[in-house]
Amino acid sequence: MALPPLVEPSALLSAQEIERYARHVLIPDVGMEGQRRLKNARVLVVGAGGLGSPALMYLAAAGVGTIGVVDDDVVELSNLQRQVVHGAGDVGRLKSESAAQRLASVNPLVRVVRHDVRIDSTNVLQIIAGYDLVLDGTDNFPTRYLLNDACVLLGKPDVWGSIYRFDGQTSIWWARHGPCYRCVFPEPPPPGLVPSCAEGGVLGVLCAAIGSIQAAEAVKLILGIGDPLVGRLMVHDALSQSWDVLSVGKNPDCAVCGDSPTVTELADYQDLFAVTPPLGTGLPGGSVSRSAGAAVTQISALELAGLLSSDGGSQGVLLVDVRGSEERAIASIPGAQAIHLDEFRSGAALLRIPSDQPVVIFCRAGVRSEEASRILTQAGHPDARSLQGGVLAWVRDVDPAQPSY
Ligand SMILES: [Zn+2]
């Protein structure tokens, strides 16, 4: 599907610009006019992480005139395996600041606009409105759905990518010309069912493959050349080195872009999709978090540490780690018994956990342990608690000598 150029050409290029972009200007499909369209283009990259890193650097090198960077996180040591826009000296800095500095060194002719905020329903429309297209480099479902819905409401293309371990996917969601994200993925998966890269890992170089495809699609849209990935879903497996393209169509019943949309204004989807309560909200003795219809009792890392050290032992508490062996090898809590979340889902865990013993369950950040606690509670166990914030909270508050991940 050929589409007209998204952006009008800028004024004439300077001699310095023509020299810098000569290898573009030489391509007949780009030419001087195409390079002027790039100069006039405004691209918003949401997330200066694995996908955002290559996308940002190539968009800057390509001469996209205005590049917005949305990120409110700081660079962590465990980011550097794939987030190549940041360097070792950037650990602890805001990602948007680190990325902006790097882009300025790649191409000082490009204007970089920092948005040091977490994108939410109150700011997303205002931020996106100033750009021609959105490049989604986020790693979570609530933001992904929010960006999609905002792009549908504003009529903007959403150049999307997703990665996990060795698998990548990318497409352009653009309701004006094809399906949106909700047309193809109407419902988010239940919390905890799809592990994040933080839980399951990701091959660092996969980010280069998917993020640079997103950048290429953004450039094609700006120039109005080729066959953009509108209505097509590219699926990549780095292990078999396969690239498949599936046709995806518009859903007339889509909640946001269908014939009778039910999503006509934006809401924050954290409440709908995620269940992890924010750290630090636990009350002494355990707070209660309600999600997916069942109550789960929480325990903080400090409370757990007190429980394990008092009375010269564990007070008979069974400590259960629902993570996989790779995660357990990075950081753990002494004395924990490994019972994988899958065993809770299959019911096998119920045979391994005495019904008269108090249980504290933990995972990386508290989502999977909440699901396991809920399963146990619903099976009738009288005292199952989930470690709030998971082993990350334990490392932060109790045992900072262990690595985070
Ligand atoms: Zn749709």
Query raised in the report: Are side-chain N/O atoms of D120 and T122 paired as donor and acceptor at under 3.5 Å?
Result: yes

Report task. Check whether any side-chain heavy atom of V256 sits under 4.5 Å from a side-chain heavy atom of P261, and report yes or no. Result -> no

Query raised in the report: With a 3.5 Å cut-off and no angle check, do the side chains of S10 and N40 form a donor-acceptor pair?
Result: no

Query raised in the report: Do Y21 and N107 get their side chains close enough for a donor-acceptor pair, meaning under 3.5 Å?
Result: yes

Report summary line: When D399, D321, L308 are each screened for side-chain contact (heavy atoms from CB on, under 4.5 Å) with I333, the one that passes is L308

Query raised in the report: Can a donor-acceptor pair be found between the side chains of Q298 and E370 at a distance below 3.5 Å?
Result: yes

Query - Worked check of side-chain contact (heavy atoms from CB on, under 4.5 Å) between V320 and F362 - result: CA-CA 6 Å; V320 173; F362 70 94; over 6 Å; no

Query raised in the report: Is there a donor-acceptor pair under 3.5 Å between the side chain of S373 and the backbone N or O of V296?
Result: no

Query raised in the report: Which heavy atom in L392 sits nearest to a heavy atom in S404, and how many Å separate them?
Result: CD2-OG, 4.0 Å

Query raised in the report: Is any side-chain heavy atom of I18 closer than 4.5 Å to a side-chain heavy atom of M32?
Result: yes

Query raised in the report: Is there a side-chain contact between Q402 and W394, using heavy atoms and a 4.5 Å cut-off?
Result: yes

Query - Lys/Arg N to Asp/Glu carboxylate O, D158 vs K156, below 4.0 Å - result: no

Query raised in the report: Quick check: does any side chain N or O of W174 sit under 3.5 Å from a backbone N or O of G155, one acting as donor and the other as acceptor?
Result: yes

**Report entry** R36 side-chain N/O to G31 backbone N/O, donor-acceptor pair under 3.5 Å
**Finding:** no

Requested in this report: Classify the ring geometry between H115 and Y131 as parallel (under 30°), tilted (30 to 60°) or perpendicular (over 60°).
Outcome: perpendicular

Requested in this report: Please confirm whether the backbone N or O of V202 pairs with a side-chain atom of Q81, one donor and one acceptor, at under 3.5 Å?
Outcome: yes

Query raised in the report: What are the two closest heavy atoms between V322 and A372, and how far apart are they?
Result: CG1-CB, 3.9 Å

Query raised in the report: Between the side chain of K220 and the main-chain N/O of D227, is any donor-acceptor distance below 3.5 Å?
Result: yes

Query raised in the report: Given side chains that start at C-beta, do those of V112 and T66 come closer than 4.5 Å, heavy atoms only?
Result: no

Query raised in the report: Is D149 salt-bridged to R182, going by a charged N under 4.0 Å from an acidic O?
Result: yes

Query raised in the report: CZ of R144 to CZ of F185: how many Å apart, nearest 0.5 Å?
Result: 9.0 Å

Query - Nearest atoms (heavy-atom pairs only) where W243 meets A209 - result: CH2-CB, 4.0 Å

Requested in this report: Could you tell me whether the side chain of L6 reaches within less than 4.5 Å of the side chain of P157, counting heavy atoms only?
Outcome: yes

Query raised in the report: Is a side-chain donor-acceptor pair under 3.5 Å present for S386 with S369?
Result: yes

Query raised in the report: Would you call D71-R114 a salt bridge at under 4.0 Å N-O?
Result: no

Query raised in the report: Is it true that a side-chain atom of S53 and a backbone atom of G50 form a donor plus acceptor pair closer than 3.5 Å?
Result: no

Query raised in the report: Quick one: does R352's side chain have a donor or acceptor within less than 3.5 Å of a partner on E343's backbone?
Result: no

Report task. For residues L103 and L59, determine if any side-chain heavy atom of one lies less than 4.5 Å from a side-chain heavy atom of the other. Result -> no

Query raised in the report: Distance from L239 atom CG to L206 atom CG, nearest 0.5 Å?
Result: 9.5 Å

Query raised in the report: For the atom pair NE2 (H24) and CG (L13), what is the distance rounded to the nearest 0.5 Å?
Result: 12.0 Å

Query raised in the report: Do Q214 and V159 come within less than 4.5 Å of each other through their side chains, counting heavy atoms only?
Result: yes

Query raised in the report: Would you call E371-R374 a salt bridge at under 4.0 Å N-O?
Result: no

Query raised in the report: Would Y181 and W160 satisfy ring-ring contact (aromatic ring centres under 6.0 Å, His included), going step by step from the backbone distance to the final call?
Result: CA-CA 9 Å; Y181 183 63; W160 164 85; 5.6 Å; yes

Query raised in the report: Side chains of S355 and H381: do they bring a donor and an acceptor to under 3.5 Å?
Result: no

Query raised in the report: Can a salt bridge be assigned to the pair E327 and R368 using a cut-off of 4.0 Å between side-chain N and carboxylate O?
Result: yes

Query raised in the report: Under 4.5 Å between any side-chain heavy atoms of L80 and V91, yes or no?
Result: yes

Query raised in the report: Under 6.0 Å from the CD atom of Q241, do we count more than 12 heavy atoms belonging to anything else shown?
Result: yes

